[in-house]
Amino acid sequence: MTSIELITYVTFSYLICAVVYLLACISTEQESGFRSGALGLLIIIWCVHTFAIGLRWVESYQMGIGRAPLSNLYESLVFFSWCIGLGLILVRMKFRTDIVVLIGLPVAFIALASTSLLDPTIKPLIPALQSNWLVAHVVTCFLGYAGFAVSFVAACLYLVSRGFNSLEPYLPNQRLLDEIVYKSILAGFPMLTIGIITGAAWADYAWGSYWSWDPKETWSLITWMVYSMFLHARLARNWKGRRTAALSVVGFGAVLFTYFGVNYLPGLHSYF
Amino acid sequence: MNHPKGPILDGSMVDSRIKDEGAGKEQSVLSDIVSFFTSVRTTIVILCCLAIASILGTIIPQNINLEDLRRTASPFYFRIVVILDLHNLYRSWWFIVLLLLLTSNLLGCLLQRLPKIPKEWRGAADKGSVSFHRSDSRPIHEVKGMLTESVSKLMNKNPTVVEGGEATELVWVKHRIFLLGFPLIHIAIIVILVGGLIGLLYGFKGNIQLREGEVGNRFVLYPSGAIATLPFDIAVDSFTLTRYETGQPKEYRSDVVILKDGKEELKGPIRVNQPMTFEGISLYQANYQVVGVKHVRLSVKGVDGAEEEINIRPGESIPLPGGELQIKLASLDPGTTSRGAGVEIDVERAGKQDRVVKVFRNDSDPAKVEDAKIRFLGYEPLYATGLQIGYDPGTVFVWSGCGLLIAGFVIILFTNLSAVSIRLTQGDGRTKIRVHGRSRRDRAQFREQVEATIRESLGKSSSGA
């Protein structure tokens, strides 16, 4: 089986896993065997997903191209959903909230499913991408994005819980959600920072300028500023709850624009 | 760092304002300025402004020709663009002012908070996670011994003991380095911003186009478009473009020699992702152009059937077998028709044009000139390579700042400051115990641990005060 086929199966497995999670959340209480089983299923799918990415790497060597599978939109979406999967598993383990996983899984599914619109073949690297910085830059950026995605899901749940009192009993405790909103950003922010730094280092090395206000660079900086506002508001000015949740949503909007929106503007990152 | 909630107003300053209105006003203006530069609220507002400005910069086209804009845009919009430098937003005066404000605000916050660090380093806790009192019937030295043993086990280190008069104080502090994390991150940002400013003031960027075989040192500055001269010469030996089998470019490579006063100083290839640096000035492969033809490869078959491959350069005349006719390149078609790339050849007899023949790569039959048969094999294009030139003395600062930034994050993420201080005093025939503790993370867990340790250590003979 090729990695491309495997990714197709993984895509639908995430959807099935979301359905299983939905059933588990509706039919059973916290800490039930059904819910643990659903988590087990997620972990298995994620492992297959990891294997598929590794397989693609191996395939590229077999084709004589030999490069990390992180260099076009197809591959970055596959990796983005992998990071989201990782984030969801970690949040489930640390905070024991199934609902965040339930809402997060369709996000991973949609990210993966949208790859069916893209060309999945393994192509050799154009000269601009032939650099060891590629892996460090892409991996750190996407781990950061995943943290922000998890924070976004928790922030949405928090806002729903605050906005609709009738739904509150079915959602996790608001304090816990607030904690997840904050902690995920705390994990994602250093990753994004390192992602920007490695990107700048690479740009300096390849183009002789660590910062050229290319739209993607600018938008990643905007994202960084939004989340640093979040952290300052939270740590120094004791913002909590609705206001920080709103900032998390705004921040994720900036992440999405950095990732997708910028492609409609010309710049160095136009191959992503 | 423990940031205060609102703008900082010194208590004494408030008092003086009540007593003396005139002097108070001056002081309150001063304190307003101080609080502006030391408030986290200011930081958030500046970050917000910078974010909005950056968004504008990605919407409004940058580095455009002002004359074009004058013709197409309304006079009002044109005036705004010119006054606010909106076409060059990231280098505009007000954007730099915002960056300077951010820098001074960071500096202000740092200066305000740094003096608190030595105290915290020694173990003082102004904001505790746990704080309680107990008293015990046993004498002070016995209690001290028991607590030292059990808390040292919890904290995994020995305490510093301060004996002062009647009180004995035991202090355990773990992961002090955590205190340096936040200042480090903010110092790092300041260093990066300073590096950026140095680059903006003293650095330059530009582009040079050189043909293969050409030597040059004059380049175009970016973004002004002015011409400048390098302190050395660049000689381009060759430019090579290699492709994958799919036709995608694999490598752009310029082989260059750096000459200083005619002497060879440095020689080597410049590729994308592999620049060359000389005297702090870096050269990067940016683009290329086909500017002509180096030579055309033809195969010529004479009447005797012997086939010969010849390379013919533009302007060069080559005799055909037999010796009466000479050929010369007239023009090259790089492959615009289905016949593929090809050339027009002037055939000359005794220096006068005799006829013109065309040969293409995909032709099945060779072109015949009397007895000679000519085939087109290929051509070698003459390239001009576009090298980007960069000089930025600020990068050292930027990379040091980035290093500090990462170090700061590592400290904050992987260390956790925790401290326990126990103060023992004698009073009413009992030993009084005051426990303070704090942890930057997992506070509830830490509180439980400290409480349980003290409780178990002293047993039932002590009581909560």
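Sequence lines set the chain letters: A, B, ... in the order given, protein chains first and strands last, and positions in each chain run from 1.
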If we define contacts as heavy-atom pairs under 4.5 Å, which of B:Pro249, B:Gly203, B:Ser282 has the most with chain A? B:Pro249
What distance do B:Tyr90 atom OH and A:Ser212 atom OG have between them, rounded to the nearest 0.5 Å? 11.0 Å
Kindly check if the number of other-residue, nucleotide or ligand heavy atoms within 6.0 Å of CZ (A:Arg175) is above 12? no
Gap between atom OG1 of B:Thr43 and atom CE of A:Met229 - 0.5 Å precision: 11.0 Å
What part of B:Ile406 gets within 4.5 angstrom of chain A, counting heavy atoms only: side chain, backbone, both, or neither? side chain
Checking heavy atoms, do the side chain of B:Ile55, its backbone, both or neither come under 4.5 Å from chain A? both
What distance separates B:Ser54 OG from A:Trp219 CH2, expressed to the nearest 0.5 Å? 9.0 Å
Neighbour count >12 (heavy atoms, 6.0 Å) for atom OH, B:Tyr391: no
Got a second to check how far B:Thr58's OG1 is from A:Ile222's CD1, nearest 0.5 Å? 5.5 Å
Would the number of heavy atoms belonging to other residues, nucleotides or ligands and lying under 6.0 Å from CZ of B:Phe397 be above 12? no
Do B:Asp392 and A:Ser209 have side chains that approach each other closer than 4.5 Å (heavy atoms only, starting at C-beta)? no
A:Tyr210 side chain reached by B:Trp399 side chain, heavy atoms, under 4.5 Å: yes
Using 0.5 Å steps for rounding, measure from the CD1 atom of B:Ile44 to the CE atom of A:Met225. 14.0 Å
Residue pair A:Trp133 / B:Asn273, side-chain donor-acceptor N/O under 3.5 Å: no
Side chain, backbone, both or neither of A:Ala200 within contact of chain B (heavy atoms, under 4.5 Å): both
Check: A:Trp211 and B:Val398 side chains under 4.5 Å, non-hydrogen atoms: no
What residue in B:Gln388, B:Glu251, B:Lys250 has the most heavy-atom pairs under 4.5 Å with chain A? B:Lys250
Among the listed options A:Leu221, A:Asn132, A:Thr218, the residue most often paired with chain B at heavy-atom distances under 4.5 Å: A:Thr218
Please determine, among B:Gly390, B:Gly57, B:Pro275, the option with the most heavy-atom pairs under 4.5 Å with chain A. B:Pro275
Does any heavy atom of chain A fall under 4.5 Å from the side chain of B:Ile189, the backbone, both, or neither of them? side chain
Go through the atoms of A:Ser131 and report whether side chain, backbone, both or neither lie under 4.5 Å from a heavy atom of chain B. both
B:Leu405 side, atom CG; A:Thr193 side, atom OG1 - distance, nearest 0.5 Å: 6.0 Å
Chain B heavy atoms under 4.5 Å from A:Ala201: which part of the residue, side chain, backbone, both or neither? both
Using 30° and 60° as the class boundaries, would you call the ring planes of B:Phe409 and A:Phe189 parallel, tilted or perpendicular? perpendicular
Proximal component of A:Ile194, with respect to chain B [non-hydrogen, under 4.5 Å]: side chain
